[in-house]
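As the structure is a computational prediction, the values presented were derived from the model and not from experiment. Labels below follow one simple rule: chain letters A, B, ... track the order of the sequence lines, proteins then strands, and each chain is numbered from 1. Basis for what follows: all heavy atoms, side chains included, without hydrogens, waters or symmetry-related copies.
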Amino acid sequence: MKSAFQSPKSLMPMSPLEEIRHSCSHVLASAVLRLFPDAKLDIGPPTDTGFYYDIDMDKALVTDDLERIEAEMKKIAKENQSFRRKEVSREEAAQIITERGQERYKLGRLADIPEGEAISFYENGEFMDLCAGTHVRYSAKLKAFKLLSIAGAYHRGDEKNKQLQRIYGTAFASKDELAEYLEQLEQAKARDHRKIGKDLKLFHIDEEVGQGLILWTPNGSIIRQELQNFISGELTKQGYQQVFTPHIGKLELYKTSGHFPYYKDSQFPPVVEREFLERLKGEGCTCAELSNRVEAVSPNLAAAINKRTGTETITEADTLPQEQIVDGFMLKPMNCPHHIKLFDSQPHSYRDLPVRLAEFGTVYRWEQSGELSGMTRVRGFTQDDAHLFCTEEQVAEEIIGCLTLVKTVLTTLGMSDYRVRVGLRNPDSTKYTGDSANWDKAEQACRDAAQTLDVPFTEEPGEAAFYGPKIDFVVKDVIGREWQLGTVQVDYNLPVRFDLTYIGADNEKHRPVMIHRAPFGSMERFCGVLIEHFGGDFPLWLAPEQVRVLPISDKVMDSAEEVLKQLKAAGLRAGIDTHSDKLGAKIRRGELDKIPYTLVLGAKEAEIASVSVRSRAKGDEGVLKVADVITRFQNEISTRSLAVKSESK
RNA sequence: GCCGGCGUAGCUCAAUGGUAGAGCACCUGUUUUGUAAACAGGCGGUUGCGGGUUCGAUUCCCAUCGCCGGCUCCA
């Protein structure tokens, strides 16, 4: 959470809309204090889409309270209070805060203001709040606002702190704009992949199978399979080799890679052999002991890793004697250790590099239950993963190759609304593995590669993986949440931890550099975002049912079945509507099912081996020979044309 | 995991402290249809699951599972 006081930008005047929203949050706070005088205020900034205020009070707010608070806000707006700025000394500020009984959070916020910076309050009516500003002059300017929701939010964004009640609202300069925004929110709901996924039967999540575990229906599987075929073709062109590896691996593998210690809380619990458990039971082993013995590293492994990394990566406290270690298996949280083992199963010459191992690899992560969401945040997902093993000199070119691949994917699908993030390490954190010289090299390589992208990017400290920096492609879903899709990560560290080598031209052993990359990221998340991107109107090559024959009456049913046969023989995913309905009803059904093309067939078309083509995008396109229609569709598919994407997008 | 809300038929939603209802979908029949909904009938629910209060609970209470919005997290 950024305090309004921490950012130097906040000293600049706000935009008119920000002023309105910021003022609304003050009016919100004043309304809350009128209704609940004991409320303790934290902060209330404007946001991209509105404003909020974080408030601490004993009573849990409910939706009905929002109406009361909003009514009180409207009263305050009508009172036409003026917003007045008042600059004070630090001591006076503390005094004002204390007099108003708001010391619980506001004194801390006051302490955040750097020495030498102005300390100001804004006063409207009986309300007064520590605030850098700026605000509208009169509360009557606030005539289009609405409270939207209540949520919990930790004080200062830290889950160790108390959770406050956050009231979200939105505000605009005019009622029309507000209404338009609310309408947009409604429309966004209609594009939500969870709704479309249900309507078009693309995927299913079943309570009994488990939360966050996607069951791909036949329809959804077609889309996924087409995407995989597409990317597989690109991989072949770019010199990748496809591999398959199992869904589990031994715990020790992940102790070596570092995944287990770094992310043990976000992994499915280890699988320990039944016989082992029986024996431990016989020994009277407690859960706590078992847990320690599962997590501990053997002295041999610790020594090996520490030797490779040249530092005390694994401390003595993390080890237990070999005979006490309980090994087991883990559902793989990443594919890299398996690919590393494949790479390392053979000696490599510098002439072999780069080695590019690709796999649609399914991984499992124990995401917190409250974080799960449709297909975009799940507990089991398949990455279109690959690991490149290359020489130091090849790194730059290989990263660029990966970025090109990501761009190809996004361009093919018409996805242009993304941002690029270069994730760097957070200098204050200790979660990273490896030495800082390698990190510097890797970070610079990412920056340089991002430069070549021709797309604006931001550098964000703290967004790196624990083993290396990365370049992420980030998109927003319909409700404005950001998701990382494609990613390219440079890794100097896992080759060290696994002691990977290749023989160089000098006949000496050298350390390869690894690049992790996934253009889609995860098939699940990507498909979720893709469903929303197309609003369910998939281009022909992706549509589960590409074309549907609509016989006008039962009299032409035989001819319709014949056309269907021809379409299927041509490799098209075709269906037929045999309902005893009028044409209008069949067309409507086709539209609701978002079929790219429907082929109307009546007596006159049947006579001349033709159909009347209706496209989802353009409607009636006239009568064409069946053979010509097939050629047209095949062409549209092979070029992965976006032509039938609905024009409203 | 935390805060708040929600859970009724395949889907969208009604209703009530007294044995649950509509539209769509599905099935059957009639209709044989020309570019976004023909008509009629039928099938369909232990109201998420488990307790409690009550003569009686789908409704009230508790617990649990799941979903939604947000927070935290995200290799």
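- Between A:L200 atom CG and B:G10 atom P the separation is 19 Å, expressed in whole Å.
- Taking only distance into account, the side chain of A:Y154 never meets the base of B:G70 through a donor-acceptor pair shorter than 3.5 Å.
- Applying the Watson-Crick and G-U wobble criteria (two distances, each under 3.5 Å), B:C26 pairs with B:G42.
- Taking the charged nitrogens against the carboxylate oxygens, A:D581 and A:R588 have no contact shorter than 4.0 Å, which rules out a salt bridge.
- Base-pair partner of B:U19: not found among the strands shown (Watson-Crick or G-U wobble, both distances under 3.5 Å).
- A gap of 24 Å separates the P atoms of B:A9 and B:C62, to the nearest Å.
- B:G56 and B:G52 are spaced 11 Å apart, taking the P atom of each and rounding to whole Å.
- The phosphate of B:A75 has neither OP1 nor OP2 within less than 4.0 Å of any side-chain N or O from A:Y432.
- In this model, a side-chain donor or acceptor of A:D554 finds a partner on the base of B:U32 within 3.5 Å.
- Candidate nucleotides B:C26, B:A75, B:G69 were compared by shortest atom distance to the side chain of A:S149, and B:G69 ranks first.
- Rounded to an integer number of Å, the gap from A:D42 CG to B:C3 P is 18 Å.
- Using a cut-off of 4.0 Å between Lys/Arg side-chain N and Asp/Glu carboxylate O, A:D472 and A:K470 are scored as salt-bridged.
- Here B:G66 sits opposite B:C6 as a Watson-Crick or G-U wobble pair (both hydrogen-bonding atom distances under 3.5 Å).
- We find that the ring of A:Y263 and the base of B:A75 stack, their centres lying under 5.5 angstrom apart and their planes tilted less than 30°.
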